[in-house]
Amino acid sequence: MAVHSESVMSSRRSYLIRRVFHGFMALFIIATLLFFLFRLGLPDPTAALITEGLNPEERERIRASFGLDRPIWEQYFIYLVNIVQGDFGYSFHYRAPVADIIWERLGNTMILMLPAIVLAYAVGAPLGAWLSWRRGSRADTSGIFVGLMFRSAPMFWTGMIAILIFGIGLGWLPTSGMRTLPYEATGFFDKIFTLDFLHHLILPALVVALYYLGSPLLIMRNTMLEVYGEDFIEMARAKGLPERRILYAHAARNALLPVVTQLAVTIGLAAGGQVVVEVVFSWPGLGREILNSVRTSDFPLAQASFLVMAAFVISLNLLVDILYTMLDPRVSFK
Amino acid sequence: MNRSRLLKSAQEPVRAILGDRLALVGLAVLMSIIAMALFAPFLSTHAPLAVNEREEGSIFTRTLEGEQVRWEALPPLGDETLNAADYRDGLGMAVGRNGVVWRYAEGDWSRLDTPLTTTLNAVNIREDGATLVAGVRGTVALWTPDDSWRTYDMPEPMGINGIVWLDDSTALLVGGGEVIWRLDLPRGEVETLASPVGRGFDLNAVALDVDGSAWVVGDRGLALRLDPEDDSVSLERLPGNRALNHIHFADSGAGLIVGERGTLLIREDASARWQSQNAPDSRAIRAGWITDEGHAFAVGRSGIIFEREPGADWRLVPSSEERHLRALMVTDEHYFAIGSDRFVNRLAPPSGEHWFGTDHLGRDLFSQNIHGSQIALLVGFLGATLVVLIGANVGLVAGYFRGRTETVLMRTVDVMYGIPFEPFALILVLLFEPSLFIVILAVSLLTWRTVARLIRSQVLSLRERPFVKAARVAGASDLRIMYLHIFPNVMPLVFLELAIIVGVSIIAEATLSFLGLGPPQSISWGGILHNARLSGAWREAWWWNLPPGLLIMITVLSVFFISRSLELVANPRLRARR
């Protein structure tokens, strides 16, 4: 018995190590692709920086300061070393280190997306369980309909309509930015723990939450339907437990796994996935930043933002796999 | 026999859709959207990118709020441009295109029945209310207060631009080609007066001075004075040589002449000289009015309205809307400005002419929305087909061959999972030009990953089934087993993914277009919303925002409904308990 559990432990450990390694490999490949994609599309990335009438020596000096006078493989090597050291270069547009900008924007994005997604799942999953219990009823059909409806409406449109109704029409909520200007934040927590900030958060967060609501709702409902057929549910019924207890204590607990998985994947994608909400609500997040950097041809910022988002997605996917191995004992570590 | 097996595998999803009411609704909606895309040119009421103009009998009234002057639009008088107006002793008249004549009495406008169909450009009222109207092709008609009309024949079909009563029985008419006619009304005779210039310049307006002489103004700053005592027509020297459009005299002898490029000439009293004045805007001024005290008004193209306090400078005053203004009518209580030529029909709310209204450039939104379905469906279906083609094959190959092939393919899928969609598309557009190709590429490059994973896991279990083993023993090749034995069994899943990804692609396309990354000069639902946001007018123009979003929503929703019934085929475990 002890020998057996030890072998399970070690196989789990080696599995995790392998997964982490794969994650790093994926990141490395994405970084490489990104490097060559940028060199392919923008042979001279400093073009946006070099204004007309700049003399050739000056131009060469700028190119050299970005290392663009060296051979391509050497540039690639320096690029990789810099990434590992967390040095993403210097933004053309802000004339400041890219890393500082990205961390701030990422923080802004996450304080919008995390509450929104958590809200969507906190409402969607129980609702889905309830719908599965009432399957075939009118409530079931309309629940699915509403969930799918918000999933089908583009988020930027829902946002615009929400602004029209609650911001402009009724005048209840602010419609753009993170806080009423002018404002000087002294620290991150000072920044987010104010009523003004929460006031600004409500509308965009609700729009995001409504969009994501359908996903946990449908997954939960469908998984529940599958779980109802499992032996242990029959067992619970045979024991004479009340339906409600079977639903929440037995079935729902077991149906939660795919929902949790989806939650992690969604959070991973959220880091950069919702450019449009940030654009519509003028939220100074990473998504809006990448759009701006594209518009201003600020390639160091665009490149680094993208890499950070990719890293985020990959880490969350990794987390999902790890969660799986811990939550579902049936998973084999092959 | 093998073909029939493939057919059979496609049959089941079809039966599933037909058996599910929601899916049937979805199918019906999707079919209508497809029909909309196919027949877009026939369904749309206008060219989707054409600028639409419209015409109306615009009328504005001057309002005072404290010190603040503002001209407010009143409900328009009909659909025809109004070109000229006159007012005398409680009776007002405005004339316009298609022989339209409006009467103003006791504060109300009413349209008169006229025997005229040609455009009218001039109107003048006699003391007793008898009104002369005149217009293009020598049209001249007299209206008397017993509501009867009499028309007069002119010697030549010249356009008449100005008309004025000289006394109770004669009127002076001026017009194109430098014609000056004196009309004897009781006899219906026309006498042609010779102009001292005689070069065929257009004459644009005529007015009676306080001394009884008639002033005529026209092209190239031409001004003539007719002395009715001896019938002599003399040339007057005025500053400037821009075309002059209108002339007005107050009873005090103050006079105002207006013309092209902001030309404003004022005579302070009967004995003063004409002075050129600085206009605050250099557009064409079409009509002017001056009071006894020297308070002056002028209106012109693009809704410009100037006012001038006696002795002060001219200034622009605001108006509630922008219309080409052509005439001023001053009654005892009101100042009216009257127009309008064809103007661009910007941001018009839905109407019989424009069902979904117009955008900031006056383009018909109904037609844009109809045409928008084309790109949505093209990207939706082309993208999804591409995605499923790539994804299904990768999944099939990876699941069937396993080993190194599988590792390489699945690691590639892992890498793909690390790429966030919108930022990736943004980068693609940063590096390459925005085009439909980039949009489809972005959509398909990043969605095949899900399909590959799903198909692979199905193939993994299928390849161990007895029928595959039997086929292998019978000597079937790998390709044969993969595509003829395994593939039909994953068909339900393929169809399900196809449906879901059509929805995902449509939203993705809309998103990219909304961010302004769609191909330029193309019409898409996301693009319409992009324009709305960019113009800033979306905050008021609900008809601009609402339809494209609703269309995206019902299209994607219909696809999702269909996909739900396909889900039952792909995963029969759900069916038993539905």
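Everything numeric here is computed off the predicted structure, so don't read it as measured data. Letters go in sequence order (proteins before strands), and every chain restarts at 1.
Side chains of A/F156 and B/T511 form a contact here, defined as non-hydrogen atoms less than 4.5 Å apart. Residues B/I419 and A/V313 fail the side-chain proximity criterion, which asks for heavy atoms closer than 4.5 Å. Residues B/R533 and A/V279 form a side-chain contact, since some pair of their non-hydrogen atoms from C-beta on lies under 4.5 Å apart.
Only the side chain of A/I163 comes within contact range of chain B, with heavy atoms under 4.5 Å apart. Contacts between A/T158 and chain B at a heavy-atom distance below 4.5 Å are absent for every atom of the residue. Of the two parts of B/L557, the backbone and the side chain both hold a non-hydrogen atom closer than 4.5 Å to a non-hydrogen atom of chain A. When heavy atoms are compared at a cutoff of 4.5 Å, A/I144 approaches chain B solely by way of its side chain, counted from C-beta outward. Contact annotation for B/R539: both backbone and side-chain heavy atoms come within less than 4.5 Å of a heavy atom of chain A. Looking at A/L291, the atoms closer than 4.5 Å to chain B (heavy atoms on both sides) sit in the backbone and in the side chain alike. Proximity to chain A (any heavy atom under 4.5 Å) is shown, for B/I554, by neither the backbone nor the side chain.
Counting heavy-atom pairs under 4.5 Å between each of B/W542, B/W538, B/F424, B/F561 and chain A puts B/W538 at the top. In terms of heavy-atom pairs under 4.5 angstrom with chain A, the leader among B/L22, B/V415, B/L517 is B/V415. Top candidate by heavy-atom pairs under 4.5 Å with chain A, chosen from B/N545, B/I507, B/T555, is B/N545. By number of non-hydrogen pairs under 4.5 angstrom with chain B, the leading residue of A/V280, A/T141, A/I314 is A/V280. Chain B forms more heavy-atom pairs under 4.5 Å with one residue of A/L218, A/I290, A/L33 than with any other, namely A/I290.
In this structure, the separation between CG on A/L148 and CE on B/M553 is 11.0 Å, given to the nearest 0.5 Å. The OG atom of A/S152 lies 12.0 Å from the CG atom of B/L550; values are rounded to the nearest 0.5 Å. In this structure, CG on B/D414 lies 12.5 Å from CG on A/L27, to the nearest 0.5 angstrom. Distance check, rounded to the nearest 0.5 Å: CH2 of A/W157 to CZ of B/F514 gives 12.5 Å.
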